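Some notes on the structure that comes next.
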Amino acid sequence: MTDQFARWSQATRYTDMWADPDDDPRNNEGPSPDGELATLRDVLTNYRLTLRMKCEGLNAEQLARRSVPPSTMSLLGLVRHLARVERDWRNWISDGEPLPKLYGGREADFDGAVAEQAVVDAAYDDLEREQAAADAALDQHPDLGTRVGKDGIAVRELLVHRIDEYARHCGHADLLRECIDGRVGQ
């Protein structure tokens, strides 16, 4: 027995891809979105889907599996972390009092990512809720140059920062998933 996995993919036509193009929910075989706002939203949506795809088909133990000590990073931790930062972005948009931290103190999003199905289910519920709430808050400001919140951050900057956050963590998710079962791909 070996600790090394064979590199594999579930794609059948293109084995170097995560999913066959016909089955890829990110597949945009048509014209690209019109305009900067639509393009930014499309890219963000695709990164969100990529994160979900990298977690797909894993059980609670696999999702909570840590990368390498002393890191606390896991796929489940990434889901919880992104739910937390979506809430943080919503706080940046608001002029009111900030919402409380989603999971408590620093690193609680990763530290609390334990191998329990209830924690997994709650993490996905939190992520969906916080994404929808942050999207709804930003949708109130369709002009990308509008400055929002107490710090006057441009809507464009918030959208680009969200894309950056998901892109960076999708890279982490690639490596974490490969360590779990060897699955690689786009």
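All of these numbers come straight from a predicted model, not from anything done at the bench. Computation of the quantities below employed the complete heavy-atom set of this structure, encompassing side-chain atoms and omitting hydrogens, waters and symmetry-equivalent molecules.
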TODO: Answer yes or no: is there a side-chain heavy-atom contact under 4.5 Å between Arg129 and Arg87?
DONE: yes

- [ ] Check whether any side-chain heavy atom of Val155 sits under 4.5 Å from a side-chain heavy atom of Val148, and report yes or no.
- [x] yes

To the nearest 0.5 Å, what is the distance between [atom1] on [X] and [atom2] on [Y]?
X: Arg48; Y: Leu127; atom1: CZ; atom2: CG; value: 7.5 Å
X: Leu40; Y: Thr45; atom1: CG; atom2: OG1; value: 10.5 Å
X: Asp126; Y: Leu82; atom1: CG; atom2: CG; value: 12.0 Å
X: Arg52; Y: Leu49; atom1: CZ; atom2: CG; value: 8.5 Å
X: Leu63; Y: Ile180; atom1: CG; atom2: CD1; value: 6.5 Å
X: Leu44; Y: Thr39; atom1: CG; atom2: OG1; value: 12.5 Å

Open item on the list: Does Asp95 have more than 12 heavy atoms from other residues, nucleotides or ligands lying within 6.0 Å of its CG?
Closed with: yes

Is there a continuous path of hydrophobic side-chain contacts, each under 4.5 Å between heavy atoms, that joins [X] to [Y]?
X: Ile163; Y: Leu144; value: yes
X: Leu158; Y: Val43; value: yes
X: Tyr103; Y: Val119; value: no

Task: Shortest non-hydrogen separation from Pro142 to Asp139 and the atoms involved - done: CD-O, 3.8 Å

Task: Ala115 versus Ala64, closest heavy-atom pair with distance - done: N-CB, 3.6 Å

Task: Derivation of the salt bridge (charged side-chain N to carboxylate O under 4.0 Å, His left out) call for Arg90 and Glu86 - done: CA-CA 6 Å; Arg90 192 162 35 129; Glu86 288 280 2; over 6 Å; no

- [ ] Please report the C-alpha distance between Asp181 and Arg65 in whole Å, then the side-chain angles of each, then the deciding distance to 0.1 Å, and finally whether the salt bridge (charged side-chain N to carboxylate O under 4.0 Å, His left out) criterion is met.
- [x] CA-CA 11 Å; Asp181 65 4; Arg65 194 176 297 168; over 6 Å; no

- [ ] Tell me yes or no: between the side chains of Gln117 and Asp121, is some donor less than 3.5 Å from an acceptor?
- [x] yes

TODO: May I ask you to say whether Asp135 pairs ionically with Arg162, meaning some side-chain N is under 4.0 Å from a carboxylate O?
DONE: yes

TODO: Just say parallel, tilted or perpendicular for the rings of His172 and His169, cut-offs at 30° and 60°.
DONE: tilted

- [ ] Dump the intermediate steps for side-chain contact (heavy atoms from CB on, under 4.5 Å) on Thr146 and Gln140, then the final yes or no.
- [x] CA-CA 10 Å; Thr146 300; Gln140 301 301 310; over 6 Å; no

Enumerate, atom names and distances included, each donor-acceptor pair closer than 3.5 Å involving a side-chain atom of residues 68-79, sequence neighbours excluded.
from: Ser71; atom 1: OG; to: Ser67; atom 2: OG; distance (Å): 3.2
from: Ser71; atom 1: OG; to: Met73; atom 2: N; distance (Å): 3.0
from: Ser74; atom 1: OG; to: Gly77; atom 2: N; distance (Å): 2.9

Task: Residue list, side-chain contact (heavy atoms from CB on, under 4.5 Å) with Asp164, at least two apart or on another chain - done: His161, Arg168

Does [X] reach the main-chain N or O of [Y] with its side chain, forming a donor-acceptor pair under 3.5 Å?
X: Lys150; Y: Ile93; result: no
X: Glu178; Y: Leu175; result: no
X: Asp151; Y: Ile153; result: no

- [ ] Apply the side-chain hydrogen bond (donor to acceptor under 3.5 Å, both in side chains) test between Asp109 and each candidate in His81, Arg80, Lys101; give the one that qualifies.
- [x] His81

